[in-house]
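Presented below is the structure to which this report refers.
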Number of protein chains: 2
Amino acid sequence: MTTLNRPSAPDGHVCGIDTAMEVIGGKWKVLILWALHEHPYRRFGELRRLIPGITEKVLASHLRELEADGVARRVSYDETPPRVEYSLTEDGIRLNDALQPLAAWGRERPITRELGERAGRGLG
Amino acid sequence: MTTLNRPSAPDGHVCGIDTAMEVIGGKWKVLILWALHEHPYRRFGELRRLIPGITEKVLASHLRELEADGVARRVSYDETPPRVEYSLTEDGIRLNDALQPLAAWGRERPITRELGERAGRGLG
DNA sequence: CGGCATCCTCACGGATACTG
DNA sequence: CAGTATCCGTGAGGATGCCG
């Protein structure tokens, strides 16, 4: 995220969506947000189980980025075995709320392309 | 988009956001959507100028995907020189509307990370 | 003007092993 | 349990050139 040519709206037309996309741009970020949204806090392994297919490394890095972006919070308890709880910040909750219309669009949307094959996997 | 392991919400919890992310997931898609939203129709070169940094190939492929996803429409006129106009479909307009809260979030958001360097390029 | 055909890069994400 | 460390593959995206 240093020398990358980030997309930007033309001459001062800050639409803000690009900013948001930076935050939720990761492959699993919205799913993580969603999982955190359903419950006040989530543990690491819990998230991993809730999101089948994600690896530990990716989950960890995504969580770190979400944290750095101020939408997720990480609280670790000094216990044995260790316990870490992730939750949404106020801003993260607002982000999730802002995501709802998009989710509704995705649900109500007329199936144009082949949007069937990608969901036909038994998960959970 | 064939054998790719697409993210999915756990056990039937269809949040719809993943579906939406498939459509707007491209690097410049939201910017294209935004550009199409501001005006009833846009020409190819116009879009290219409106979105500095995007290459013709990427713009073309993104437009084609947006078209395949039913959110953009392409109309070409048999003239010399050739003229092609892109516009949003009804569903594309709804998508854009659904994107507005996200845009608002992006604009109002407290700057946590270094969200300054990526915009510091003279464009337009 | 509005593309498509190639070739190539590189960052994102995946697999595996190891640690406090 | 909750991660790091390392290596690697992939594919979206970028550069360039040509065409109707």
Side-chain angles (χ1 to χ4, degrees), chain A residues 1-8 18 21-32 35-36 41-69 72-87 118 121, chain B residues 1-8 18 21-32 35-36 41-69 72-87 118 121:
Chain A
M1 58 206 74
T2 48
T3 54
L4 237 172
N5 179 21
R6 284 285 170 205
S8 278
D18 46 354
M21 288 303 291
E22 295 246 346
V23 177
I24 62 172
K27 185 172 177 180
W28 310 86
K29 294 240 179 108
V30 293
L31 254 23
I32 296 175
L36 291 177
Y41 55 86
R42 295 286 197 189
R43 304 188 54 172
F44 187 88
E46 199 174 358
L47 287 169
R48 189 180 32 183
R49 258 172 284 116
L50 281 168
I51 307 172
I54 196 171
T55 63
E56 296 163 359
K57 179 207 151 186
V58 172
L59 177 56
S61 64
H62 276 197
L63 282 170
R64 227 150 290 274
E65 288 176 21
L66 290 173
E67 199 188 354
D69 281 326
R73 187 185 300 116
R74 196 190 98 114
V75 178
S76 82
Y77 300 86
D78 251 359
E79 305 171 359
T80 11
R83 182 165 57 104
V84 177
E85 286 175 358
Y86 292 92
S87 56
R118 90 188 195 322
R121 315 179 53 231
Chain B
M1 55 207 69
T2 48
T3 55
L4 235 173
N5 179 18
R6 286 284 168 204
S8 278
D18 46 355
M21 288 302 291
E22 294 245 348
V23 177
I24 62 171
K27 185 172 179 183
W28 310 86
K29 293 235 180 116
V30 293
L31 254 22
I32 296 174
L36 291 177
Y41 55 87
R42 295 285 197 189
R43 304 188 54 174
F44 187 87
E46 201 176 357
L47 288 170
R48 187 180 36 184
R49 258 172 284 116
L50 282 169
I51 306 172
I54 197 172
T55 63
E56 295 162 0
K57 178 206 154 187
V58 173
L59 176 56
S61 65
H62 277 196
L63 281 170
R64 227 145 288 273
E65 288 176 23
L66 291 172
E67 200 189 352
D69 281 326
R73 186 184 302 117
R74 195 190 100 114
V75 178
S76 81
Y77 300 87
D78 251 359
E79 305 170 357
T80 6
R83 181 164 58 104
V84 176
E85 286 176 356
Y86 292 93
S87 56
R118 89 190 198 318
R121 316 180 51 230

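Chain A is the first sequence line, chain B the second, and so forth, proteins listed ahead of strands; every chain is numbered from 1.
Note on A:Tyr77: nothing from the nucleic acid sits closer than 4.0 angstrom, heavy atoms only. If you check every strand for non-hydrogen atoms under 4.0 Å, B:Arg43 touches sugar and phosphate atoms only.
Between B:Lys27 atom NZ and A:Met21 atom CE the span is 12.0 Å, to the nearest 0.5 Å. A distance of 8.5 Å separates OG1 of A:Thr55 from CH2 of A:Trp28, quoted to the nearest 0.5 Å.
Of the charged side-chain nitrogens involved, none lies within less than 4.0 Å of a carboxylate oxygen, so that A:Arg73 and A:Glu85 do not count as a salt-bridged pair.
When the side-chain nitrogen and oxygen atoms of B:Arg64 are compared with OP1 and OP2 of C:dC4, one or more of them lie within a distance under 4.0 Å. Proximity of B:His62 to the phosphate of D:dA12: no side-chain N or O atom is located under 4.0 Å from OP1 or OP2. Contact annotation: A:Lys27 side-chain N/O to C:dG14 OP1/OP2 distance is under 4.0 Å. Listed pair A:Tyr86 / D:dG3 meets the phosphate criterion, a side-chain N or O lying under 4.0 Å from OP1 or OP2. Between B:Arg74 and C:dG2 there is no side-chain N or O to OP1 or OP2 distance below 4.0 Å.
Judged by atom type and distance alone, B:Lys57 reaches the base of D:dG13 through a side-chain donor-acceptor pair under 3.5 Å.
Between A:Ser61 and B:Ser61, the residue anchored nearer the 5' end of DNA chain C, judged by the nucleotide with its closest heavy atom, is B:Ser61. Take the nearest nucleotide of DNA chain C for A:Pro82 and for A:Glu56: the residue whose nucleotide is more 5' is A:Glu56.
Following rounding to the nearest Å, A:Ile51 (CD1) and D:dA2 (P) show an atom-to-atom distance of 14 Å. For the pair B:Arg48 CZ and C:dG2 P, the interatomic distance rounds to 7 Å; values are reported in whole Å.
Across the helix from C:dC1-D:dG20 to C:dG20-D:dC1, the helix axis at one end is tilted relative to the axis at the other end by 50° (nearest 10 degrees, each axis from five pairs).
Among A:Ile32, A:Leu50, A:Val84, the one residue that satisfies the side chain to side chain contact (heavy atoms under 4.5 Å, CB included) test with A:Arg42 is A:Leu50.
Here the side chains of B:Arg74 and B:Ser76 are in contact, with some heavy-atom distance below 4.5 Å.
Distances from the side chain of B:Val84 to the nucleotides D:dG3, C:dA15, C:dG3 place C:dG3 closest.
Annotation for B:Ala35 and B:Leu47: closest pair CB-CD2, 3.8 Å, computed over non-hydrogen atoms.
Using a distance-only test at 3.5 Å, with no hydrogens or angles considered, no donor-acceptor pair links the side chain of B:Glu67 to the main chain of B:Arg64.
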